[in-house]
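Working notes, beginning with the structure itself.
Computed from a predicted model, the values in this text were never measured in an experiment.
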Amino acid sequence: LGLVLTAEMVNVHRIENDEDTVSVSAVYGALMRMQPLITAIKKRPQGTSDKNSDWSKARFRWVKQILIRLREIEYDGPLPIPPAFDLEKLGELNICQIAFWDEVHKKVKVGPVSCSRRNVQYRFKRALNGALSITGEYKPPAQSMNFKYSEQTQLGLGVAILKFRS
């Protein structure tokens, strides 16, 4: 949120509670007294070609699980079979049971969105319970997803799996 909108929201609350309104300058002063750490929102890639990355491992396990459920492959790892790959626990699938659909979006941005042209985030010190605290710690900086083709990204937003009656 920008300062003007934030001040407006603060003033709506203050009016509802029969308190005097405050200026944008007062809201800015309160913001600065909270000692924010202002950092740029960095971009990170959507995926990676590093086969040892967490993303690659998770994607591989997900595809392996689907192929086991479709009976395209059998589990070939160490025993006992982990629940994530146990066909008895997962249940069998037939490709005719699965429907996929997607939507096309222009100029996709995944992650924190900054209202500022500078693309920055304000991070505040917080206690372990999440409350603001001058003696707390800052959360790690956020990152936004960087797409190869951000002008037109297709996302698989829906999957339906039908279970046949026995």
Side-chain angles (χ1 to χ4, degrees), residues 1-3 5-6 9 28 31-32 34-164:
L1 299 176
L3 282 171
L5 183 57
T6 302
M9 292 170 62
Y28 180 75
L31 174 71
M32 290 298 108
M34 292 179 1
Q35 300 174 355
L37 179 60
I38 304 169
T39 54
I41 298 173
K42 295 181 181 173
K43 292 184 178 182
R44 67 177 177 90
Q46 180 179 2
T48 177
S49 58
D50 177 7
K51 67 180 183 180
N52 295 314
S53 72
D54 290 339
W55 182 88
S56 293
K57 289 177 187 176
R59 180 70 179 222
F60 176 80
R61 289 173 57 88
W62 177 67
V63 170
K64 185 175 183 177
Q65 184 182 64
I66 291 173
L67 291 175
I68 288 171
R69 294 187 75 188
L70 291 169
R71 291 194 175 269
E72 293 290 326
I73 63 170
E74 290 186 10
Y75 176 74
D76 59 354
L79 297 175
I81 299 174
F85 300 119
D86 189 343
L87 187 58
E88 294 293 320
K89 289 186 170 79
L90 295 171
E92 186 177 345
L93 284 177
N94 180 305
I95 195 68
C96 296
Q97 293 174 277
I98 305 171
F100 299 89
W101 62 93
D102 62 8
E103 295 182 13
V104 176
H105 299 271
K106 299 285 184 181
K107 200 65 175 169
V108 172
K109 184 164 184 174
V110 177
V113 178
S114 173
C115 295
S116 158
R117 283 188 218 116
R118 297 180 350 205
N119 199 33
V120 297
Q121 63 180 330
Y122 287 72
R123 294 183 289 142
F124 301 95
K125 290 184 178 180
R126 296 189 178 269
L128 292 176
N129 66 3
L132 291 171
S133 170
I134 296 297
T135 60
E137 294 188 18
Y138 296 106
K139 286 173 54 175
Q143 296 178 336
S144 65
M145 185 80 68
N146 190 29
F147 291 95
K148 188 173 184 180
Y149 303 107
S150 65
E151 294 300 320
Q152 183 175 0
T153 301
Q154 293 188 359
L155 305 169
L157 298 176
V159 178
I161 300 177
L162 305 173
K163 188 170 185 177
F164 293 130

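Summarising the geometry, atom CZ belonging to Arg71 is positioned 11.5 Å from atom CG belonging to Asn94; distances are rounded to the nearest 0.5 Å. Remark: Arg69 CZ to Glu72 CD distance equals 14.0 Å, nearest 0.5 Å.
Sorted by first and then second residue, the ring-ring contact (aromatic ring centres under 6.0 Å, His included) pairs involving residues 68-99 (not counting sequence neighbours) are Tyr75-Phe85.
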*Give the C-alpha distance, both sets of side-chain angles, the deciding distance and a yes or no for side chain to side chain contact (heavy atoms under 4.5 Å, CB included) between Leu3 and Leu31.*
CA-CA 9 Å; Leu3 282 171; Leu31 174 71; 4.2 Å; yes
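Among residues two or more places apart in sequence or in another chain, the salt bridge (Lys or Arg N to Asp or Glu O under 4.0 Å) test is passed with Glu137 by none. Annotation: side chain to side chain donor-acceptor pair (under 3.5 Å) contacts of Arg59 (sequence neighbours excluded): none. The side chain to side chain contact (heavy atoms under 4.5 Å, CB included) test applied to Ile73 returns Lys64, Leu67, Ile68, not counting sequence neighbours. Listed by chain and number, the residues in a side chain to side chain contact (heavy atoms under 4.5 Å, CB included) with Asp50 are Thr48, Asn52, Ser53 (sequence neighbours excluded).
A donor-acceptor distance shorter than 3.5 angstrom exists from the side chain of Gln65 to the backbone of Ala84, with no hydrogens or angles considered.
The number of heavy-atom neighbours closer than 6.0 Å to OH of Tyr28, taken from other residues, nucleotides and ligands shown, is 12 or below.
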Show every donor-acceptor pair shorter than 3.5 Å between a side-chain atom in residues 122-132 and any protein atom, with sequence neighbours excluded, or say none if there are none.
| residue | atom | partner | partner atom | Å |
| --- | --- | --- | --- | --- |
| Arg123 | NE | Thr39 | OG1 | 3.4 |
| Arg123 | NH1 | Lys139 | O | 2.3 |
| Arg126 | NH1 | Gly130 | O | 2.8 |
| Asn129 | OD1 | Ala131 | N | 2.9 |

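Closest approach of Gln121 and Pro141 over heavy atoms only: NE2-CA, 3.3 Å.
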